[in-house]
Amino acid sequence: MTTDARRHHDPGVRGFASDNYAGTHPEILAALALANGGHQGAYGDDDYTRHLQDVLRRHFGARAETYPVFNGTGANVVALQALTDRWGAVIAADTAHIHVDEGGAPERVGGIKLLTVPTPDGKLTCELIDREAYGWEDEHRAMPQVVSLAQSTELGTLYTPDELRAIADHAHERGMTVHLDGARLANAAAALEVPLSALTTDAGIDVVSFGGTKNGLLFGEAVVVLNPGAVRAMRHLRKLSLQLASKMRFVSVQFEALLAGDLWLRSAGHANSMAARLAAGVREVEGVRILHPVQANAVFARLPREVSERLRKRYRFYFWDESAGDVRWMCSFDTTVEDVDGFLAALREEIAR
């Protein structure tokens, strides 16, 4: 049997625009094929989703409840709705993905007020949180109910386990809960050489939006509830927010393949190591300045805009701040040494021009 489907892209084209640009890890594709065939219950009533609960509990503890969803924005919207009342607000860094890159979904779809705080490095502190953590009895002000952190942050920086614990304790003392946007949580754990639980359950986090797509999945993220007492009606919120997959087994089996063994760690660790190699090479190029500590799989740099414009014709990447000429280079599970070294050679050539 033949099909009309045909390849529409050149698989030799490489870039540093996003870890979302990478394809699907071969081990994930194999898991999808394993789950295919035959009939399984829909909407999560399947053997793969049931087994996934046990897999995630090995990483996040016995109380963890896992809700697979389609994408990261959906995971964040579902998680934040579950933690807030209609009059509630969420404190976040002004660079947070929920504020900058989700099209207003937390506010428009979730009905949640975001209270954002400027940070020098993408990281919140107890002192920064307190700039917005007030006025709980003021009926004229949205009530701060949640602190949302990103690990790693949108600037590629990391919270240590102790920093997370200090923030969680601070928030809980004020009657707030803590949400962790873990789109790149695997990269953070790999970089800090700690288990996933050290950055979540052990640190006092209440709910995690756990990322899979940026670490080799075809599609799918998961809301992992670490403190079931902090949320309500999760299943209803997931459905209401358009995040209930009918053929959920194909999301769940991917997470099983990622987390049952060490694939999550191998993939994230490799992406981190490629970013470290890229950063080391960039530091030797005159006229380019690295802007933030390279702690995970992102490199932020400043260089002449005309150089970036020429370089983007050879390797795709994004401007981070167009007015300043700042750019972001991302590495992924399939970034190779040859990719990095080729990019550095191209960068040196364009700088020399």
Side-chain angles (χ1 to χ4, degrees), residues 19-20 22-76 78-79 151 180-190 194-202 205 207-226 228 234-235 238-239 243-272 297 332-334:
D19 33 13
N20 285 327
T24 305
H25 195 285
E27 293 180 41
I28 300 297
L29 288 175
L32 284 164
L34 180 71
N36 199 25
H39 287 200
Q40 280 275 293
Y43 305 108
D45 184 22
D46 64 84
D47 293 336
Y48 297 91
T49 302
R50 282 188 285 271
H51 181 64
L52 181 63
Q53 300 297 326
D54 292 332
V55 173
L56 269 292
R57 284 171 183 145
R58 295 176 208 162
H59 291 280
F60 295 105
R63 293 204 304 162
E65 299 173 354
T66 301
Y67 300 86
V69 296
F70 287 116
N71 54 48
T73 296
N76 286 335
V78 170
Q151 177 77 317
L180 187 72
D181 182 347
R184 298 185 177 95
L185 180 59
N187 297 92
V194 297
L196 294 170
S197 59
L199 302 175
T200 54
T201 313
D202 299 343
I205 305 300
V207 178
V208 178
S209 299
F210 185 67
T213 309
K214 291 178 172 61
N215 202 23
L217 268 61
L218 175 62
F219 67 94
E221 315 287 303
V223 178
V224 185
V225 177
L226 307 178
M234 278 294 302
R235 295 171 67 242
R238 179 173 59 178
K239 176 67 172 180
Q243 289 294 313
L244 179 62
S246 54
K247 296 184 180 181
M248 196 181 296
R249 60 170 150 159
F250 296 108
V251 183
S252 299
V253 74
Q254 294 182 78
F255 274 108
E256 179 182 355
L258 187 70
L259 292 162
D262 67 348
L263 178 58
W264 69 275
L265 186 59
R266 284 188 281 121
S267 294
H270 175 79
N272 293 352
N297 63 323
S332 62
F333 79 89
D334 67 346

State, with a plain yes or no, whether a side-chain heavy atom of Val55 is found less than 4.5 Å away from one of Phe255. no
Write down the atom of Phe70, the atom of Ala245, and the distance for their closest heavy-atom approach. CZ-CA, 3.5 Å
Between NZ on residue Lys239 and OH on residue Tyr43, distance to nearest 0.5 Å: 5.5 Å
Counting heavy atoms not belonging to Arg50, are there more than 12 under 6.0 Å from its CZ? yes
Is it true that atom CZ of Phe219 has more than 12 heavy atoms of other residues, nucleotides or ligands lying nearer than 6.0 Å? yes
Any idea which heavy atoms bring Thr66 and Gln53 closest together, and the distance? O-NE2, 2.8 Å
With heavy-atom distances below 4.5 Å as the criterion, would you say the side chains of Lys214 and Asn297 are in contact? no
In Å and rounded to the nearest 0.5 Å, what is the CG to CG distance from Leu265 to Leu259? 10.5 Å
Roughly how far apart are Gln40 CD and Ser252 OG, rounded to 0.5 Å? 10.5 Å
d(Asp45 CG, Arg249 CZ) to nearest 0.5 Å is 12.0 Å
Taking all atoms of both residues into account, what is the closest heavy-atom pair of Ile28 and Gly216, and its distance? CG1-O, 3.6 Å
Can you check whether Gln254 reaches Leu32 side chain to side chain, under 4.5 Å on heavy atoms? yes
Side chain to side chain contact (heavy atoms under 4.5 Å, CB included) assessment of Val223 paired with Glu65: CA-CA 8 Å; Val223 178; Glu65 299 173 354; over 6 Å; no
Side-chain touch Val208/Leu226, heavy atoms, less than 4.5 angstrom: yes
Checking Val78 against Met234 for the side chain to side chain contact (heavy atoms under 4.5 Å, CB included) test, could you report, in this order, the C-alpha distance in whole Å, the side-chain angles of both residues, the deciding distance, and whether it holds? CA-CA 8 Å; Val78 170; Met234 278 294 302; 3.7 Å; yes
Donor-acceptor pair, Ser246 side chain versus Ala42 backbone, under 3.5 Å? no
Do Arg238 and Pro68 make a side-chain contact, defined as non-hydrogen atoms from C-beta onward lying under 4.5 Å apart? yes
Could you measure the distance from the CG atom of Leu185 to the CH2 atom of Trp264? Nearest 0.5 Å is fine. 8.0 Å
Heavy-atom side-chain contact between Phe210 and Thr200 under 4.5 Å: no
Verify side chain to side chain contact (heavy atoms under 4.5 Å, CB included) between Leu258 and Leu217, making sure each step is shown before the conclusion. CA-CA 8 Å; Leu258 187 70; Leu217 268 61; 3.7 Å; yes
Under a 4.5 Å cut-off applied to non-hydrogen side-chain atoms, are Phe250 and Asn36 in contact? yes
Distance-minimising heavy-atom pair for Ala189 and Leu196: CB-CD2, 3.8 Å
Would you sort out whether Arg184 and Asp19 count as a side chain to side chain contact (heavy atoms under 4.5 Å, CB included), showing the intermediate values? CA-CA 10 Å; Arg184 298 185 177 95; Asp19 33 13; 2.8 Å; yes
All heavy atoms of Val253 vs all of Ala31, minimum pair found to be CG2-O, 3.6 Å
For the OG1 atom of Thr73 and the CD atom of Glu221, what is their distance to the nearest 0.5 Å? 9.0 Å
For His25 versus Ser267, what's the shortest heavy-atom pair and its separation? CD2-OG, 3.7 Å
